[in-house]
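Just so it is clear: chains get the letters A, B, ... in the order the sequence lines come, proteins before strands, and each one is counted from 1. Every heavy atom of this structure was used, including side-chain atoms; hydrogens, water molecules and symmetry mates were not.
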Amino acid sequence: MSKKTLTDSISSINESIAYDEETNIFSLKEVGTWLDIATEIKNLNFNYLMCITSIDMENSQLALAYNLHSTETKDSIEFNLFFDKDTEIPSVESLWRTADWHEREAYDMMGIKFINHPDMKRILLPQDWEGYPLRKNYKVADYYHGMYIPKDKTSWE
Amino acid sequence: MKEYFNNIVGGIQSFWKGLSLTFKHMKNKKDLVATLQYPNEKWPIPERNIGFNLSEYNVIRSRLHVDMDDCIGCLQCERACPVDCIKIDTIKPPKESEFDCGKTSFGTQKKLVVPRFTIDMSECMYCNLCVYPCPEECIYMVGGPNEDKHEIDYEFSQYSRDGLIYEFADATDEDILSVGGDEYIKTREERKKRIADGESLNGTEILPGKEENVSVTASSAPAPSLDKPDFTVVNEIEDRVTRATAKKAFTQKFKEKASFQEISKFVKLSLEENGKYSSNLDDIIKRISEMTAPDSTDGGSSESAPAQEEMTHKSFNDLENKMQRGIVKKLFIGEKKKGLSDLDILKLIRAELKTKEMLDDQAKELLKKLMLQSVNPKETPKVESDVFDLKKLNDIEDKMTRGLAKKVYTKSKRDGKKSTEILADIESELQSQEKLTGSVDAVITGIRESI
Amino acid sequence: MSFVDSILSSLSSLEMNYTLLLLIAVTIPGLIIFLLMTVNAIVAVYMERKISAFMQDRLGPMEVGIFGFKGGKRFWGGIGQTIADAIKLLAKEDIIPKDADKFMMILAPFIIFIASFITFVGVPLSQDFLISNFNIGILYILAMSSVGVIGIILAGWSSNNKWSLYGAMRAASQIISYEIPIAITLLLPVIISGGLDVHTIVDWQLQNRWLILHSPFTFIAFFIFFVSGIAETNRTPFDIPEAESELVAGWMTEYSGFRWSLFFLSEYTNMLIISLVASFVFLGGWGSPLTIINLLPGDYMYLDGPILGFFWLLLKAIALIFIMMWFRWTFPRLRVDQLMYLCWKVFIPFAIFNMLAVGVWEVLF
Amino acid sequence: MSKENLIDKSSINTDDMILNMGPQHPSTHGVLRLKIHTDGEVVSKIEPIIGYLHRCFEKHSENLPYEQIVPFTDRCDYLSSMHMSHAYSIAVEKMMDIEIPERVEYIRVIVSELQRIASHAFFIGVFGLDVGAITPFTWVFRDRERIIDLFETLTGARLLYNYVWPGGVSHDLPEKFITRTIEFLDYFEPQLIEVDELLTTNKIFIERTADIGVLDKDIAINYGVTGPALRASGVDFDLRKNEPYSIYDKLDFDVPVGRGEMGTVGDSWDRYIVRFLEIKESIKIIRQCFKSIPEGDVHAALPKKVRPRKGSTYSRFESSRGELGYYIISDGKNVPTRLKMRSPAFSNLSVLPYLSEGWMISDVITILGSLDIVLGEIDR
């Protein structure tokens, strides 16, 4: 199943797909139609979603990297989505159940919200933690529930 | 029904096999018992049937130890430690004092006095990364391969956590004083006092002591008196390594007071030797040869402007991006030590930020403002000229009020207020905190007349 | 001649008033039982830790000794360990959770302790070393041993902790359902020897042969009795009520210090009772095994006098206790419904069939 | 008048009890909290709550140079830390395009397979504990201690080694290492038969684990379950065979797949037996490696300053718990801009709620044990 067939079957849905040759990464700027593209990928029996990585592109742009693998054809692709900070991404949890926790972690760490995700809440940090730690401009709060968060090791400098 | 019975029979057979197995273990317990009775049988005992002894270790993970007489204070181990549990202060004895710091066992002549070398073993994660970079191999984990240097010790538990903070430095106070580190001792005592009365425990704001500590070491190594070679042209070279070789060649020739033509020829020659020379460097080499003698223009600007020493690295504090701020500050302190003029430092910072694509608009605007400040202090808007100097506030005796007054001063100065408004702010602030005693009021009115 | 009767007869010559006499006749055997229970607990705990250690290729307690004597150098050190544990438990703080049912929680351990305490009254230790000679011996022991369940449920419920509630419910269902196979299998000796009294059963066995060798059905009955006995005392593979890996410590979770040691004491006493009952019902009580294999010529029969009888009975009991411990360190744990399946679908049908078969066997032979 | 309407059920309203198998529990393999809705013994819903051991590994690695991240990767899955640093080094080397000497590849495979034996041995001991058998735990740990001693002579550390660096390994093998490992392998194989007799064929053990928590093929793939848990459901998916990295293509070993001898395919017993057979495979691999390990300098390709080229890479590695992926983005500096670790136990745990609906509490413990999760790598 060459990348060629995949590109043109997807670009039929949304032409803003860019396929970068040597790093074989698909990238998509506008995320509205992401769910139908994902279903299309799933039909091309990419049944195993390896990992979803949330990336902070720093100029108030965020990105998501989906790595997919098909156990039958032993093929694996990477799909990058670029969007700015507060857009909501359609959740692919209905296609791959593993996305449920990965998306919750992306929300928890990077603050990316997913549309119709079953229970969109933080997975690793306590529920009432403010701020998204993996953002480049993340500042740790001074107090959490009255407990002081030490910034540096001044006690024995 | 049959399945019911052989279910039971199968069960009984497997029970019997399991039971006989455990009984076998109990019977020949003599050679099967594997416990090591800790207090009297110690790790590693050679006769344990895995049969290894100390000398066969490649590397060992136990307590860290430093042979201070070998330590040249190169801070390699402090940089290599992922959890920053090593803290080293070094003082560079001034040129004229012929203080002999001693020789290391490898024969290299030591050039720094190390008044403080602390390792916090309660934070160390025993990853051994600090041992590899040490040029003198003076930091190592005791036992195993370096059994001869120091006997193994993995039982160093203490009752209180700060018992695990090991201080290895053995520089006595006289050495530090003789090397001109008297401010160092003052700050060290002050820091100890502050820790003693528990003031710094919450560590919310950056400790002024810590700031001065850094700047103290910077200023305590006075800039070398000879005039500085002007690297502005050389700094345009993109690649770091070629820039470094070019600079080395440039300074070498500059010290011999050669003319700029010779310097540029020598720089070109040294680049070719290291195979770093490429066509796009031609115009840089040409511009070096046309450079005029340094002392006429730039030199002048670097000495005169009084507002110069105002620009400490704290003025970069309002850079919003943490990473950016870190790089800029580190660079600023590094260049300051070398005694570069502020203008060069700012240009260098801009070049560095450009290489790292971190030069967003906020940084550009800040750099431009600081450059304006440093290059022509006179023409800058009136704010700059008639603001009274921070040092005048020093004659307020009470420490707290003085700190408060200074804080208000710096804040309002940054907002570009005039000194009269600044004084009014200070007075209102002190009034609100009921600190405006007679003596403080006298000092402020004194400053007001002096403008 | 039971212990209480002998005290009564010896003291009656002093004509004290009757109530005082009765008081003495009751407290002295009580003290003896309590002493026996503690000694048994201390020795059994030490044995268990040592046996489990050797089965798992480790050494068990080696350091603690009494008055400087640590016990053997190579393997058998640490004799004083259980005594030290007992003292520690007594001295330990006795925590009662804030919103637990205070009174019930204090009461529960005593109910369990008394249950195993009074069963000891009916259990003989040798020919005439018997606290009180009931002529309904077996029935009394059976009745008293089922009182313990009430204590367990009370302990689980009153400590107001979901885990101990689970432990209590599981314990209740397990002990009650395993009472039935024990009761049925205990009926066999009564059928064969014709009397409930302990002496009739043991005398019958001494005359003809041990009940275990009497007929194949009684042989199976012994195993059913023994395994259900293990289930009675909540030991692996039936230790579901206090399963370490699931319920933390089952109904004992909220207890600490002295109350917890009471549970521990009664668990080891139950173990001793089960193995004593099994040995005098099926393994010929205080009769010496030598008579079966009649290795020695006839006139050495006196080997099983009142003193030596005590030794033989205890030897059999200790062998059975060793097997219980052996089970504990070999088998994984059954699930609750598998436990019920084993009891209702395997033990009870076999036990009933055995009773029928023994009846037929008696008629034929 | 049937029995039902005799008891007027409307007044009795029993709702299920929420049982908190809290972060501190003997058999949650670390600080995992399970919110279990049970009615009686049967479990109706489970909600795992994780994050108690979150140490901001990914945030730390954005401020540390590449060689200083290795000790942090060790601390993610502390039971197979060699796999973690090996996977990390492969990912970084992919970006540095440097040539690794043959001897380093062989040492890394030997060390990873030894770590796989230790990790699976740990699993067998602890799975026995979860099911109630205490003795296999101590036997298996006595043998695992031998492997830890071998690692001790090699790296100095017993659990967290910081041995495999991007570009090579920190130290070469000590001279007696090979003879001592072969001595250990010959000693270890008969020991396996003993554990096999005590646990694998024990009736109660089979009763407790066969047909419990059956995970069928495509549900497992959909949940992203990988490693022995996936192979137990019959999917022959092993990265060492499907996408051979380092020198696994030169070695011949077969991949045990669950066949459902004692129950249906993909039950807890299969997950146990697949790991048990994998130990034998790893022993075979180590013996082959020792036969053909070449000479050479281990520090040849070790860079002074690790500085990968600009770009991003996703590298996959077969750790003892499943597919361990590193997604690294670097922009030429010596500090990664983004480092994401795809932790196998993270997805394996996400299948627990699906698997344990309808079973009893003691089965939840068995299923959780059979998934073999480590909270260090789940919470990162």
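Residue C:Met355 places its CE atom among more than 12 non-hydrogen atoms of other residues, nucleotides or ligands, all under 6.0 Å distant. Around NZ of B:Lys17, the count of heavy atoms belonging to other residues, nucleotides or ligands within 6.0 Å exceeds 12. For CZ of B:Phe156, the number of neighbouring non-hydrogen atoms (other residues, nucleotides, ligands) closer than 6.0 Å is greater than 12. No more than 12 heavy atoms of other residues, nucleotides or ligands shown are found within 6.0 angstrom of CZ on B:Arg161.
Between B:Leu19 atom CG and C:Phe331 atom CZ the span is 4.0 Å, to the nearest 0.5 Å.
Heavy-atom distances place both the backbone and the side chain of C:Trp326 under 4.5 Å from chain B. Within the 4.5 angstrom heavy-atom criterion, no atom of C:Phe223 approaches chain B. There is no contact between C:Gln56 and chain B, counting heavy-atom distances below 4.5 Å. With a threshold of 4.5 angstrom between heavy atoms, B:Phe23 approaches chain C through its backbone and through its side chain. With a threshold of 4.5 angstrom between heavy atoms, B:Leu21 does not approach chain C through any atom at all.
Across all non-hydrogen atoms, the minimal contact from C:Val346 to B:Tyr4 is CA-OH, 3.4 Å. The two residues C:Asp57 and B:His25 make their nearest non-hydrogen contact at OD1-ND1, 2.7 Å.
With chain C as the partner, the residue from B:Lys27, B:Met26, B:Lys24, B:Lys29 showing the most heavy-atom pairs under 4.5 Å is B:Lys29.
Counting only heavy atoms from C-beta outward, the side chains of B:Phe15 and C:Thr330 never approach each other to under 4.5 Å.
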